[in-house]
Amino acid sequence: MKQAGTAFHLYVGDYDDVTPSMWGGTPGQSCQSSGTFCSQEWWFGLMPYSKNVDVFYCPDRTDGSASSYNAYGQALGAKRYAGYGYNWGPIGWRGGGLLNDQNRLPSGQTFITGKSLSSVDRVAQVFSFGDTYDTPRMTVGIGFSLDDSNVTSNKELRHGAQWQYAFVDGHAKSVRVIAGFMNNAFNSRFLMPANLEIAKNAFCSDLSAIINENPVSTDGTNVPSGLACGDIAPWIMSNYPVCGSGAGPGSNCRFGQ
């Protein structure tokens with residue numbers, strides 16, 4: 001995580017202080033090994049600075065293979081799913097993190113623009129990257145992080161539920177996380193820091209920014225539009241009770257152990 005954070009800072013230093021953007025593949029075109037027509041994974045742009053794709057692998061995440069990536073990812077040396085994701089914001093494609101909300105060109109191609117680091121007002125508290133089970137394009141979003149994991153309790157989470165995160169100021173540390181079921185989240189699950197003070201800060205470049213469901217890319221979770229970014233994690237904690245014995249995908253509750 002520390003090395004990924006260093007590569008991130010070298011990147012923004014060369015790109016006018018703006019964080020890496022994201023985009024989907026060009027509709028009707030085949031992705032080329034040169035990167036033309038390809039969707040963008042968060043670590044693609046950092047490769048000239050890290051020089052080594054192995055920086056982006058968690059040794060405890062072994063799912064996926066080279067063929068899980070497009071031709072450009074394979075050309076960069078992808079071997080399996082990266083263990084780490086990028087901070088798109090707390091919920092789906094609504095923005096709020098190091099990216100704005102997702103938009104779509106008339107061709108159907110999606111894109112998400114980066115933000116100036118000067119717009120991040122608590123650089124020591126905001127995630128840049130961290131552990132995830134999301135699949136391309138990988139994020140640390142609350143409703144994305146367990147996309148490829150069927151855990152049903154906190155004790156099943158990797159690293160003993162102590163996940164690793166890099167922060168915008170460049171430091172990295174272990175953060176205890178909790179999980180649960182969230183209807184319409186990826187794989188019907190969510191994950192966020194267990195400490196509410198960390199959780200409310202971690203995903204938001206601006207705590208007071210109003211976050212609305214993105215009409216271009218809806219997420220369908222029950223997290224309401226109109227919340228300030230810093231109020232989203234507390235809202236989930238207040239409105240998701242501990243899961244009962246019959247809870248499962250489709251529920252909105254948090255694991256009790």
> Between M138 and Y84, is a side chain to side chain contact (heavy atoms under 4.5 Å, CB included) present by the stated rule, with each step listed?
Replying inline: CA-CA 7 Å; M138 294 167 188; Y84 310 116; over 6 Å; no
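- Residues Q162 and S174 have side chains that bring a donor and an acceptor to within less than 3.5 angstrom of each other.
- You'll find the side chain of L99 reaches within 4.5 Å of the side chain of Y86, heavy atoms only.
- Salt bridge D231/K200: absent, no basic N to carboxylate O contact under 4.0 Å.
- Shown here are the side-chain contact (heavy atoms from CB on, under 4.5 Å) partners of N195, two or more places apart in sequence or in another chain: E197, I198.
- Counted by atom type alone, Y240 and N222 present one or more donor-acceptor pairs between their side chains at under 3.5 Å.
- At least one donor-acceptor pair under 3.5 Å links the side chain of Q32 to the backbone N or O of S30.
- One finds the CD atom of E41 at 12.0 Å from the OH atom of Y72 (value rounded to the nearest 0.5 Å).
- Residues Q102 and S217 approach most closely at NE2-OG, 2.7 Å, considering heavy atoms.
- Of all heavy-atom pairs between F203 and A199, the closest is CD1-O, 3.5 Å.
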>> Before you tell me yes or no, could you show the steps for I142 and I236 under side chain to side chain contact (heavy atoms under 4.5 Å, CB included), namely the whole-Å CA-CA distance, both residues' side-chain angles and the distance that decides it to 0.1 Å?
In response: CA-CA 10 Å; I142 291 172; I236 293 171; 3.9 Å; yes
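- Proximity of V216 to D101: side-chain heavy atoms (C-beta onward) are nowhere separated by under 4.5 Å.
- Side-chain atoms of N52 and S50 include no donor-acceptor pair closer than 3.5 Å.
- Shown here for K79 and D54, the closest heavy-atom pair between the two residues is NZ-OD1, 2.9 Å.
- You'll find the side chain of I211 stays beyond 4.5 Å of the side chain of L227, heavy atoms only.
- Between the side chains of T6 and Q3, no donor N or O sits under 3.5 Å from an acceptor N or O.
- Pairs engaging residues 170-236 under the disulfide (SG to SG under 2.5 Å) rule: C204-C229 [sequence neighbours left out].
- Here the CG atom belonging to D134 is positioned 11.5 Å from the CG atom belonging to L191, to the nearest 0.5 angstrom.
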>> Run T132 and S145 through side chain to side chain contact (heavy atoms under 4.5 Å, CB included) and show every step you take.
In response: CA-CA 5 Å; T132 191; S145 288; 3.8 Å; yes
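- Every residue two or more places apart in sequence or in another chain was checked for a disulfide (SG to SG under 2.5 Å) with C58, and none qualifies.
- Both tests pass for R158 against the ring of W163: distance under 6.0 Å to the centre and angle within 45° of the axis.
- Interatomic distance, W43 CH2 to L76 CG, rounded to the nearest 0.5 Å: 5.5 Å.
- Two residues are said to be in side-chain contact when any heavy atoms from C-beta on lie closer than 4.5 Å; L98 and W88 fail this criterion.
- Here F127 contributes atom CZ and N201 contributes atom CG; the two are 10.0 Å apart, rounded to the nearest 0.5 Å.
- Side-chain N or O atoms of K173 include none that pairs as donor or acceptor with a backbone N or O of A166 at under 3.5 Å.
- Relative orientation of the Y81 and Y69 rings is perpendicular, given thresholds of 30° and 60° on the angle between their planes.
- Taking N150 as the reference, N187, R189 meet the side-chain contact (heavy atoms from CB on, under 4.5 Å) condition, with sequence neighbours excluded.
- Across all non-hydrogen atoms, the minimal contact from F37 to Q29 is CG-CB, 3.5 Å.
- Its side chain within the 4.5 Å cluster rule, F111 clusters with W23, L105 among the Ile, Leu, Val, Met, Phe, Trp and Tyr residues.
- Here the OG1 atom belonging to T19 is positioned 9.5 Å from the CG atom belonging to N87, to the nearest 0.5 angstrom.
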>> Let's go through I91 and V223 carefully: what are the C-alpha distance in whole Å and the side-chain angles of both, what is the deciding distance for side chain to side chain contact (heavy atoms under 4.5 Å, CB included) to 0.1 Å, and is it a yes or a no?
In response: CA-CA 8 Å; I91 299 294; V223 178; 4.0 Å; yes
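- L46 CG to K51 NZ: the interatomic distance, rounded to the nearest 0.5 Å, is 12.0 Å.
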Could you give the side-chain donor-acceptor pairs of residues 176-185 under 3.5 Å, partners two or more places apart or in another chain?
unit_1	atom_1	unit_2	atom_2	d
N184	ND2	G220	O	2.6

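- Using a 4.0 Å cut-off between a side-chain N of Lys or Arg and a carboxylate O of Asp or Glu, R61 and D131 do not qualify as a salt bridge.
- Side chain to side chain, N214 and R94 fail the donor-acceptor criterion of an N or O pair below 3.5 Å.
- Of all the heavy atoms in F56 and A4, the pair that sits closest is CE2-CB, 4.1 Å.
- The closest donor-acceptor contact from the side chain of S68 to the backbone of S65 lies under 3.5 Å.
- Side-chain contact between Y11 and P20 is present, with heavy atoms from C-beta onward closer than 4.5 Å.
- In summary, the side chains of K115 and S205 do present a donor paired with an acceptor at a separation below 3.5 Å, with no hydrogens or angles considered.
- The backbone N or O of V168 lies less than 3.5 Å from a partner atom in the side chain of H9, making a donor-acceptor pair.
- The backbone N or O of N103 sits nowhere less than 3.5 Å from a side-chain atom of W93 that would complete a donor-acceptor pair.
- Of all heavy-atom pairs between S119 and S116, the closest is OG-O, 2.6 Å.
- Counting non-hydrogen atoms of neighbouring residues, nucleotides and ligands closer than 6.0 angstrom, the CG atom of D16 reaches no more than 12 such neighbours.
- Within the 3.5 Å criterion, the main-chain N or O of E213 finds a donor-acceptor partner in the side chain of S225.
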